[in-house]
Amino acid sequence: MSTTGLGFSGEVADYYAKFRPGYPPPVIEALVHRLGLTPGHQVLDLGCGTGQLAVPLSEHVEHVVAVDPEPDMLAHGPKRPNIEWRLGSDADVPGLGRFDAVVVGQALHWMDHERLFREADTAKFAIIANGTPLWRQHPAIRELLADWFGRPMTAACGTDDVARQRYADALEAAGFSPQEWTVSYTHEHTIEELAGSLFSAMSPKTLPSPQDRPRFQNELRDALRAGTYTEPISVTVISTS
Ligand SMILES: C[S@@+](CC[C@H](N)C(=O)[O-])C[C@H]1O[C@@H](n2cnc3c(N)ncnc32)[C@H](O)[C@@H]1O
């Protein structure tokens, strides 16, 4: 197990790869259209995780450089002839080269976004928020997590309006013309999938022990009083033209 200290190592990476909803085709098609991507283009996916954006985008462009500081996340990236999985972070930009577009999915809150927008050698950016964290959606999920962890669950992970406005302002200050747009849909999770998605948002230190996970799952089912959870997802994108 690696230890970047970021919390995406070991089993958390496994849960991320297996249970975190990626981006459905309408989001990828809109991204390709808005960024004007063509089969000759080079794209940087920064904070690529296990490839939620890199993999579908690789179908539309010549080459994707998929960068993440967590080797356990990269280890889940499927081998594709036109995806280069690289260990690194936003601190490595602009040394990673020149790109037609830089995409950042649900990861900008870990980065120095002002420096990134100023220094990246790219024609365009897309900053993507994959919905809102589950604990901000449903009081029963929020209360269950607060009980397990003994503290309120409030983190918005860069998905809230204040953060989005800050990102748009910083893009403008760096000379880009940002526009925000949204693709909304629903995703039905079984309770097992929902628990897995929640585990993927924890860190190896806060993940319930393997013996406690069935209890967590049962408590989640009881709290929601249902065997499934339909998540309303609005993927919100700030892209530049
Ligand atoms: C929530 S995941 C997002 C993964 C994927 N892009 C998605 O849309 O689902 C956040 C990722 O950002 C990575 N990350 C954290 N700090 C970073 C940094 N400074 N530069 C680049 N990536 C970073 C983490 O290792 C993690 O894989």
Side-chain angles (χ1 to χ4, degrees), residues 1-25 27-28 30-31 43-58 64-78 83-97 99 101-117 119-120 122 125-136 155-160 163-164 167 183 187 193 196-207 231 233-239:
M1 183 193 291
S2 73
T3 49
T4 55
L6 284 170
F8 289 99
S9 60
E11 284 184 288
V12 173
D14 301 340
Y15 279 115
Y16 206 100
K18 189 162 179 198
F19 292 111
R20 196 60 88 94
Y23 301 93
V27 173
I28 300 303
L31 263 179
V43 170
L44 172 63
D45 178 7
L46 197 54
C48 63
T50 62
Q52 285 70 18
L53 286 168
V55 171
L57 285 178
S58 72
V64 178
V65 179
V67 172
D68 200 282
E70 177 48 66
D72 292 349
M73 293 291 259
L74 291 174
H76 284 280
I83 305 182
E84 182 186 341
W85 302 97
R86 276 181 72 158
L87 196 62
S89 75
D90 64 308
D92 299 308
V93 172
L96 294 167
F99 297 94
V102 174
V103 298
V104 183
Q106 207 44 65
L108 195 67
H109 56 297
W110 297 101
M111 304 178 194
D112 179 346
H113 64 274
E114 290 177 353
R115 193 195 72 86
L116 175 67
F117 297 159
E119 297 188 6
T122 184
F125 271 104
I127 308 303
I128 298 124
N130 197 2
T132 54
L134 290 161
W135 50 88
R136 289 175 72 96
C157 307
T159 63
D160 57 301
R164 315 285 313 153
Y167 300 156
V183 177
H187 178 86
E193 288 163 351
S197 193
L198 287 166
F199 294 155
S200 82
M202 298 178 187
S203 75
K205 279 190 193 142
T206 56
L207 199 58
E231 182 180 2
I233 303 180
S234 282
V235 177
T236 306
V237 181
I238 303 171
S239 63

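Atoms within each ligand, like the ligands themselves, are counted from 1 in listed order.
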Open item on the list: Measuring from atom CG of D68 to atom CH2 of W85, what distance do you get when rounded to the nearest 0.5 angstrom?
Closed with: 9.5 Å
TODO: Please lay out, stage by stage, how D45 and Q52 fare under the test side chain to side chain contact (heavy atoms under 4.5 Å, CB included).
DONE: CA-CA 10 Å; D45 178 7; Q52 285 70 18; over 6 Å; no
Task: Atoms in ligand 1 with a heavy atom of M73 nearer than 4.0 Å - done: 27 (O)
TODO: Can you measure from CG (D72) to CZ (F8) and round to the nearest 0.5 angstrom?
DONE: 12.0 Å
Task: Atom indices of ligand 1, in the order listed, that fall short of 4.0 Å to a heavy atom of W110 - done: 15 (C), 16 (N), 17 (C), 19 (N)
Task: Option from I28, N130, V27, V43 for which side chain to side chain contact (heavy atoms under 4.5 Å, CB included) with L53 holds - done: I28
TODO: Kindly compute the distance separating CD (E193) from CG (L198), expressed to the nearest 0.5 Å.
DONE: 12.0 Å
Open item on the list: Could you check whether any heavy atom of N130 sits closer than 4.0 Å to an atom of ligand 1, since that is the contact criterion I want to use?
Closed with: no
TODO: Nearest 0.5 Å please: distance from the OH atom of Y16 over to the OG atom of S197.
DONE: 8.5 Å
Task: Shortest reach to atom 23 (C) of ligand 1 by a heavy atom, considering only S200, P69, G105, A107 - done: P69
Open item on the list: Within ligand 1, which atoms have a heavy atom of E70 less than 4.0 Å away?
Closed with: 25 (O)
Task: ligand 1 contact on C48 by region, counting heavy-atom pairs under 4.0 Å - done: backbone
Task: Any L53 heavy atom less than 4.0 Å from ligand 1 - done: no
Open item on the list: Can you confirm, on distance only, whether ligand 1 has an N/O atom lying under 3.5 Å from any N/O atom belonging to L46?
Closed with: no
Task: Nearest candidate to atom 9 (O) of ligand 1, where distance is taken over non-hydrogen atoms, out of F8, Y23, Y16 - done: Y16
- [ ] Just jot down the ligand 1 atoms closer than 4.0 angstrom to any heavy atom of D90, in number order.
- [x] 18 (C), 19 (N), 20 (N), 21 (C)
Open item on the list: A side-chain contact here means heavy atoms from C-beta on lying under 4.5 Å apart; do V93 and L44 qualify?
Closed with: yes
Task: Which of the ligand 1 atoms, numbered from 1, are nearer than 4.0 Å to a heavy atom of S89 - done: 18 (C), 19 (N), 20 (N), 21 (C)
Task: Proximity winner for atom 6 (N) of ligand 1, if only heavy atoms of A13, G7, G49, G47 are counted - done: G47
Open item on the list: As an exercise, state the distance from CG of L87 to CG of D92, rounded to the nearest 0.5 Å.
Closed with: 8.5 Å
